[in-house]
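Beneath this line is the structure, given in structure tokens, with notes to follow.
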Amino acid sequence: MKIFWLIGEKFLKLSEELGCAYKMFMQILHTFLTGKYDKENTTYQMVLIGVKSIPVILLTSAFTGMVLALQTAYSTRNIFNEPIYIGSVVGFSIVKELGPVLTAVVLAGRVGAAIASELGTMKVTEQIDALYTLGTNPIRYLAVPRFISMVIMVPILTIFADIVGIIGGFFVSVYKLGIAPVVYQNDILDYMRTEDLFHGLIKSVFFALIIVTTACYKGFTCEGGAEGVGRSTTQTVVISMVMILVSDYFLTALLVMFGVG
Amino acid sequence: MIKIVNIHKSFGENVVFKGVDLEIKDGETITIIGGSGCGKSVLIKHIVGLLKPDSGEIYVDNEEITKLDEDKLFEVQKKFGFLFQSAALFDSLNVKENVAFGLRNLKIMSEHDISEKVKECLSRIGLEGIENMKPSELSGGMKKRVALARAIATGPKYIFYDEPTTGIDPIMADVINDLIIHLQKTLAVTSIVVTHDMTSAYKISNHIAMLYDGKIIGEGTPSEFKKTENMYIKQFTTGSSVGPIKMKVR
């Protein structure tokens, strides 16, 4: 009997948390749509979230494209005796899956953790209460600028990741595997369509929403001093990553159903 | 005038208020005393609208604030200045930006006037020339004084002090006490202080209320508190471990 009680209690707590996170998401969206947000802070967050993430995103995606080209070459050589369709495999994998997913996972670790720990520290040191007493809505001042920055910068970073990943695959194909540049290029251009690019970009917007909502919610509800901040930060990264990977499957199925990619 | 009528509040199974009633008159300095964790800070956070009671009413200048929507509550909050226990200065902003924060939100002053007002507020608390320093470069006492400058910058009618002398040395604590008295005299504000430091309470207050077991168990002037026969108040003000208030040890 006790096991049912424990499961029920966990389920209720999870439902409550999901409800609260959804409520916060709607508050952020409402404040954004009414245009009541700090524009100066938004620009600052775009630099912090977007521009400063470029090196790590480029490095990750370049090596992903390179290793993908190498693995495809070895696999197709075993089956067909020669490396074929490398451009297609690298292009499709990067643009539709690895570009958006890897970018989101890296940003969940770099930006999600930073947002949760910053807001969490502000919460436990009463800085968020201080905002209220100074006539500032913390959602407007803290959450909405981060929300806008993520929704704009994650797709842009995904495009960068797509381009650099394909270039990484190109260098391995041409200089290590000896494939003609025009063959790699035609493999991509002959089979890929614009919808494939949109497929990845639409997913990246959803991933951005997952990261920023989780990070803001965990930051604003943080309790328990330094230990609480650490716990909120860890939970943000873990929950974001799991939700990115799980939602990726359902988003892919949904987008394919609607003919996007 | 602030009037608290029969407020009840619980956090889960922890009952904090069991019907608190209190009236704060304009121009007075009232100190709310009580043991650690009895709900003193929670009480003033209810008054400024940071927390909502489970039941009961809170009137600020005859306006009931517990059911106000966010925009109307922000209008009421313009009457308040709040000095937090941890100072709560914004880490990412320097001293000038911290003190100017509320003024910039009001959007009624030019940038030049805001700079002048920041200088004036810092001079009132005896900390001129630190505008460009970050909170991390300040000592505990300086942080509290800068937080006080931020609280008075917008010219509030009511200033709330949450444990203003906790965590600083006795001399600096006395400096803060003198500042509270000085601000009360020069700005004619109503001050609401939360503390368990009786030296401070006796020095700065003209009205003291004691919170115990979810209720206000006694009110009076500092001299009345010194002569009280109420065993709970007497035990607390004299700092004795012997009496009706039992503290749990482990």
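Computed from a predicted model, the values in this text were never measured in an experiment. Proteins come first, then strands; the chains are lettered A, B, ... in the order of their sequence lines, and each starts at number 1.
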Check the surroundings of atom [atom1] in [X]: do more than 12 heavy atoms from other residues, nucleotides or ligands lie under 6.0 Å from it?
X	atom1	answer
B:D69	CG	yes
A:L33	CG	yes
A:E223	CD	no
B:K79	NZ	yes
A:H30	NE2	no
B:F90	CZ	yes

Testing the basics here: between [X] and [Y], what is the closest heavy-atom pair and its distance to 0.1 Å?
X	Y	answer
B:Q85	A:E126	N-OE1, 3.6 Å
A:Q127	B:D91	NE2-OD2, 3.1 Å
B:V48	A:T133	CG2-CG2, 4.4 Å

| Pairs meeting criterion side-chain hydrogen bond (donor to acceptor under 3.5 Å, both in side chains) with involvement of residues 44-65 of chain A, two or more places apart |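 The answer is A:S53-A:R110.
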| field | Part of B:L89 within contact of chain A (heavy atom distance under 4.5 Å) | value |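 The backbone, not the side chain.
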| field | Structural part of B:F74 lying under 4.5 Å from a heavy atom of chain A | value |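 Side chain of B:F74 only, per the 4.5 Å heavy-atom cut-off to chain A.
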| task | Give, as side chain, backbone, both or neither, the part of A:I128 having an atom under 4.5 angstrom from any heavy atom of chain B. | result |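 The answer is neither part of A:I128.
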| message | For chain A, which candidate among B:A147, B:S86, B:G102 shows the most heavy-atom pairs at distances under 4.5 Å? | response |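 Most heavy-atom pairs within the cutoff with chain A belong to B:S86.
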| Of the listed residues (B:E75, B:K78, B:K45), which shares the most heavy-atom pairs with chain A below a 4.5 Å separation? |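 The candidate making the most pairs under 4.5 Å is B:K45.
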| Is the shortest distance from a Lys or Arg side-chain nitrogen in B:E70 or A:R140 to a carboxylate oxygen in the other one below 4.0 Å? |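 Result for this pair is no, no salt bridge flagged.
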| field | Rounded distance [0.5 Å steps], CZ in B:F84 versus OG1 in A:T125 | value |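 Rounded to the nearest 0.5 Å, the CZ-OG1 separation comes to 10.0 Å.
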| What distance separates A:L134 CG from B:R104 CZ, expressed to the nearest 0.5 Å? |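 Spacing of CG (A:L134) from CZ (B:R104) equals 12.5 Å.
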| With sequence neighbours left out, what residues match A:L58 under side chain to side chain contact (heavy atoms under 4.5 Å, CB included)? |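 Expected list: A:I54, A:F160, A:V164.
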| query | Can the ring centroids of B:F101 and A:Y141 be said to lie less than 6.0 angstrom from one another? | reply |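 Under 6.0 Å, so yes.
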